[in-house]
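Residue indices begin at 1 and follow the sequence shown. All values derive from a computational prediction rather than experimental measurement. Excluded from the calculations below are hydrogen atoms, water molecules and symmetry mates; all remaining heavy atoms, backbone and side chain alike, are included.
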Amino acid sequence: MTTTQQTTLNALGIAPILTVDDLDKSMRFYEGLGFGLEERFERDGQLRGVMLRAGEARLNLTQDDWGKGRGRTKGIGFRIFVLTSQDMDELAAKVKAAGIPLEGPVDAPWGRSITATDPDGFKVTISRQS
């Protein structure tokens, strides 16, 4: 079933911002998935956040300032879905070599996919579009 929808927004991209408990640990996780550092955000000489990039996809990570309390639950009900044209078996081997536990690769209706869970519980699914 196809739905027609009038578009009012012409987005040029999307860059989710995730608040994380340990910025360095989260950066290593996303670098292991293949994201590279695009920009650093510092305040008072301290690293407070980063913008990561993989192709045209961007992801922002910010260090939790604990203003809402320590140990608050993150990642529930949220998943990052990334489309790629890469060979999923080769990508999975590289990600596993970086020490990141993976689910997959598996074949799904939307394509061959891998899924990893970041240090804060955010799910990341990378899929080769079929």
Side-chain angles (χ1 to χ4, degrees):
M1 179 177 177
T2 303
T3 306
T4 303
Q5 180 178 343
Q6 185 176 6
T7 302
T8 58
L9 171 65
N10 183 19
L12 299 176
I14 190 167
I17 300 172
L18 305 180
T19 300
V20 300
D21 287 339
D22 184 329
L23 185 56
D24 290 329
K25 187 176 183 179
S26 293
M27 284 174 55
R28 285 191 304 275
F29 173 85
Y30 285 100
E31 287 170 345
L33 288 181
F35 282 81
L37 179 65
E38 183 173 76
E39 192 171 353
R40 297 169 54 93
F41 305 104
E42 294 185 11
R43 186 175 55 222
D44 301 324
Q46 264 192 316
L47 183 63
R48 301 303 298 160
V50 294
M51 181 179 297
L52 303 176
R53 182 175 182 169
E56 294 303 314
R58 287 180 174 79
L59 178 65
N60 292 280
L61 304 176
T62 61
Q63 176 62 54
D64 197 332
D65 65 3
W66 314 117
K68 294 183 180 179
R70 287 192 177 267
R72 64 188 170 113
T73 303
K74 298 178 176 80
I76 302 296
F78 183 84
R79 178 183 302 263
I80 298 169
F81 189 82
V82 181
L83 286 173
T84 186
S85 61
Q86 292 174 264
D87 179 281
M88 292 311 299
D89 295 294
E90 289 178 16
L91 183 59
K94 289 178 184 177
V95 171
K96 287 178 183 175
I100 297 174
L102 285 179
E103 298 170 27
V106 297
D107 292 313
W110 52 85
R112 191 156 177 80
S113 303
I114 57 174
T115 297
T117 303
D118 87 354
D120 291 285
F122 295 104
K123 297 272 188 190
V124 181
T125 297
I126 303 172
S127 181
R128 180 181 172 118
Q129 195 169 14
S130 53

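Rounded to the nearest 0.5 angstrom, I114 CD1 and M88 CE are separated by 4.0 Å. Remark: W66 CH2 to D21 CG distance equals 3.5 Å, nearest 0.5 Å. Here the straight-line distance linking atom CG of L47 with atom CG of L23 works out to 5.0 Å at 0.5 Å rounding. Atom-to-atom distance recorded for S113:OG and L102:CG is 11.5 Å, nearest 0.5 angstrom.
Taking the side chain to side chain contact (heavy atoms under 4.5 Å, CB included) definition, one finds that F81 meets it with L83, W110, T125, S127, sequence neighbours left out. The salt bridge (Lys or Arg N to Asp or Glu O under 4.0 Å) search around E103 returns K123, not counting sequence neighbours. Contacts of D22 classified as side-chain hydrogen bond (donor to acceptor under 3.5 Å, both in side chains), with partners at least two apart in sequence or in another chain: none. Contacts of D64 classified as side-chain hydrogen bond (donor to acceptor under 3.5 Å, both in side chains), with partners at least two apart in sequence or in another chain: R72, K74. Shown here are the side chain to side chain contact (heavy atoms under 4.5 Å, CB included) partners of N60, two or more places apart in sequence or in another chain: A15, I17, F41, M51. Residues passing the salt bridge (Lys or Arg N to Asp or Glu O under 4.0 Å) test with D24: none are found, sequence neighbours excluded. Checked against side chain to side chain contact (heavy atoms under 4.5 Å, CB included), A54 has the following partners two or more places apart in sequence or in another chain: F35.
A heavy-atom distance below 4.5 Å is not found between the side chains of Y30 and V50. Within the 4.5 Å cutoff, side-chain heavy atoms of R79 are placed close to those of T115. Within the 4.5 Å cutoff, the side chain of L61 has no heavy atoms near those of the F29 side chain. No side-chain heavy atom of I80 sits less than 4.5 Å from a side-chain heavy atom of D118.
Sequence neighbours left out, the pairs with a member in residues 28-41 that pass salt bridge (Lys or Arg N to Asp or Glu O under 4.0 Å) are E38-R53, E38-R58, R40-E42. Applying the salt bridge (Lys or Arg N to Asp or Glu O under 4.0 Å) definition to pairs two or more places apart or across chains, those involving residues 82-99 are D89-R112.
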* What's the verdict on side-chain contact (heavy atoms from CB on, under 4.5 Å) for D65 and R48, showing C-alpha distance, side-chain angles and the deciding distance? -> CA-CA 9 Å; D65 65 3; R48 301 303 298 160; 3.7 Å; yes
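V82 and V106 are members of different hydrophobic clusters when ILVMFWY side chains are connected at heavy-atom separations under 4.5 Å.
Judged by distance alone, with hydrogens and angles left aside, the side-chain atoms of D120 form no donor-acceptor pair with the main-chain N or O of F122 at under 3.5 Å.
In this structure, A116 and L33 approach most closely via the heavy-atom pair CB-CD2, 4.3 Å.
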